[in-house]
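Structure first, then comments.
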Amino acid sequence: MGTDAGAPTAMSPSDLEFHTACARMMAFSEPEVVADPYSTIYSVFHDAGPVRFLDFAGAWVISGYEEASAILRDARAGSGVHALKIAPVPVEYRVTYAEAFDIITASMSFMDPPDHTRVRRAVQAAFTPRAIEEMRPFVRRTINEQLDGVLGGTFDFYQEVALPYPAAVICDMLGVPPEDRSKFMQWNEPITAFLGQQAATDEVLAALRDEMVDCEQYFRGLVDVSRGTPGLFGRLIAQHDDDRLSWPELVANALFLVTAGHETTASLMSTGLYGLLRNPGQFSLLRQNRELLPNAVEEFLRYDAPLHLDFRSMLAPMEFGDALLDEGHMVIFSLAAANHDPRVHQRADALDVTRANPQHLAFAQGNHFCLGAALARLEAQEGFAAVLDRMPDVALSETPAYRPNPMFRSVESLMVTA
């Protein structure tokens, strides 16, 4: 593990298998990998060891739960501008698509302290456990309204319920009018495509730029009607007026909250339901004992997390065992592999809603622990409670396909009858 990244060495069969698995993960184009990265890729990571250097990327791959948890919590593992390292962007692209990069990199997810601390502080009051719990009646009403429009036949649970449900919640928090929610769902597509890609292309970057420009213009139009209001966007405007947030930071983080606040929860709802439909015994246990629901949500987050990869750039050297994570090294966290670490969980690849303490890294850890974790948990608990109440005989209509994105785990659709 301490091998000099610049020294070419002959690979052993196990090294070759590990590097091949990493290449398959980054390409994420093979149907068997997209359908099941656990047995095709993550099992190889487990066999290779929890901390391994990936020669062709010049990066460390962390797949062990304890190891990932420790490094994520260490201040030396900063975020940097890792998106640009994931998808190397030629200089001419950075100029041509400067508007997109200016907004994307102004998000707190790409910041380190003290800027990260300053921006996170500007919004975190809206996401305290108490503030989130006060939203429960609205969240419950929202999921039931969403189900009202689809029950009684065959429908796409992902597209018609799981996506619009959390989008409605976070847009309401921001003060976005209901008729504009679809804009944010549309803007999310080029962001997830960019972050999950492995090579910059004109098509992806042009879409990202166009959507970011539209987004910036939209928020400019929302400023006057939102200034002084108690909503989250009103709070961000006040921070901007007090020179605590720049305009790009305001736009980037408002969009970030919507993107992070609906895409991942939509994935959690759909992959969680799909997991239950594939494991009817677990579905039956949950129906019979609703007290298991909070624990079941944590198990869904462990079993097939919405976020499979996370990235850091080392701000200072860090020795971890006999590995040296040197300054400037990129660190790739295989969160999904860590969530299935057989050293932590017995029968790690099995869905078990009764699992004691289903530890997971679905929300990461450390400085960049998910700001909306409490909201995601509330939405999932209320969402699955509504499924149990109102979809007692739900059945899968067709096997879903997953999106070919190595970072964000999501189905294309989830056709069910209920």
Side-chain angles (χ1 to χ4, degrees), residues 107-109 116 119-147 158 161-176 178 180-181 184-185 187-188 191-192 226 229-236 239 250 252-273 293-302 304-307 310 335 358 360-387 408-410:
S107 164
M108 72 177 83
S109 60
H116 175 268
V119 174
R120 187 177 177 107
R121 186 176 294 137
V123 297
Q124 64 185 6
F127 292 91
T128 63
R130 179 178 179 180
I132 295 303
E133 183 58 35
E134 290 175 351
M135 295 178 60
R136 189 177 292 273
F138 172 74
V139 171
R140 182 175 297 163
R141 184 169 66 252
T142 300
I143 181 60
N144 279 288
E145 288 173 352
Q146 214 58 55
L147 289 174
Y158 176 66
V161 178
L163 271 176
Y165 160 49
V169 173
I170 192 63
C171 283
D172 183 80
M173 289 180 69
L174 272 169
V176 172
D180 291 342
R181 292 170 185 167
F184 290 89
M185 295 172 66
W187 290 331
N188 180 64
I191 295 174
T192 55
S226 300
T229 62
L232 184 50
F233 192 57
R235 182 180 290 111
L236 292 176
Q239 296 284 328
L250 185 154
N253 288 285
L255 180 60
F256 166 73
L257 290 171
V258 176
T259 300
H262 97 267
E263 174 69 24
T264 52
T265 302
S267 298
L268 170 60
M269 288 293 301
S270 53
T271 56
L273 179 57
L293 189 51
N295 194 75
V297 169
E298 300 306 310
E299 176 68 350
F300 299 150
L301 287 162
R302 185 205 68 82
D304 201 7
L307 185 67
D310 202 358
L335 301 179
H360 61 78
L361 298 174
F363 297 125
Q365 287 190 1
N367 286 339
H368 289 275
F369 179 79
C370 178
L371 184 66
L375 176 59
R377 287 180 163 120
L378 171 63
E379 289 173 325
Q381 290 170 15
E382 289 297 327
F384 282 106
V387 166
F408 298 100
R409 182 69 166 166
S410 174

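Everything numeric in this text was worked out from a predicted model, so none of it was measured.
Taking NE2 of His262 as the start and CD of Glu379 as the end, the distance is 11.0 Å to the nearest 0.5 Å. The CG atom of Leu301 sits 6.5 Å away from atom CZ of Arg377, with the distance rounded to the nearest 0.5 Å. For the atom pair Leu174 CG and Arg235 CZ, the distance stands at 10.5 Å (nearest 0.5 Å). Atom-to-atom distance recorded for Leu147:CG and Thr142:OG1 is 11.0 Å, nearest 0.5 angstrom. For the atom pair CD of Gln381 and CD of Glu298, the computed distance is 7.5 Å after rounding to the nearest 0.5 Å.
A tilted orientation is assigned to the rings of Phe300 and Phe384, their planes being inclined by 30° to 60°.
In this structure, the side chain of Tyr165 does not engage the main chain of Thr265 through any donor-acceptor pair within 3.5 Å. When atom types are taken as modelled, the side chain of Asp310 and the backbone of Leu335 share no donor-acceptor pair closer than 3.5 angstrom. Looking only at distances, no side-chain donor or acceptor of Ser410 sits under 3.5 Å from a matching main-chain atom of Ser267.
Residues in residues 164-176 take part in no salt bridge (charged side-chain N to carboxylate O under 4.0 Å, His left out) pair, two or more places apart or across chains.
We find that Glu134 and Arg130 are joined by a salt bridge, their nearest charged nitrogen and carboxylate oxygen being less than 4.0 Å apart.
The one candidate from Arg120, His368, Arg121 that meets the side-chain contact (heavy atoms from CB on, under 4.5 Å) condition with Met108 is Arg120.
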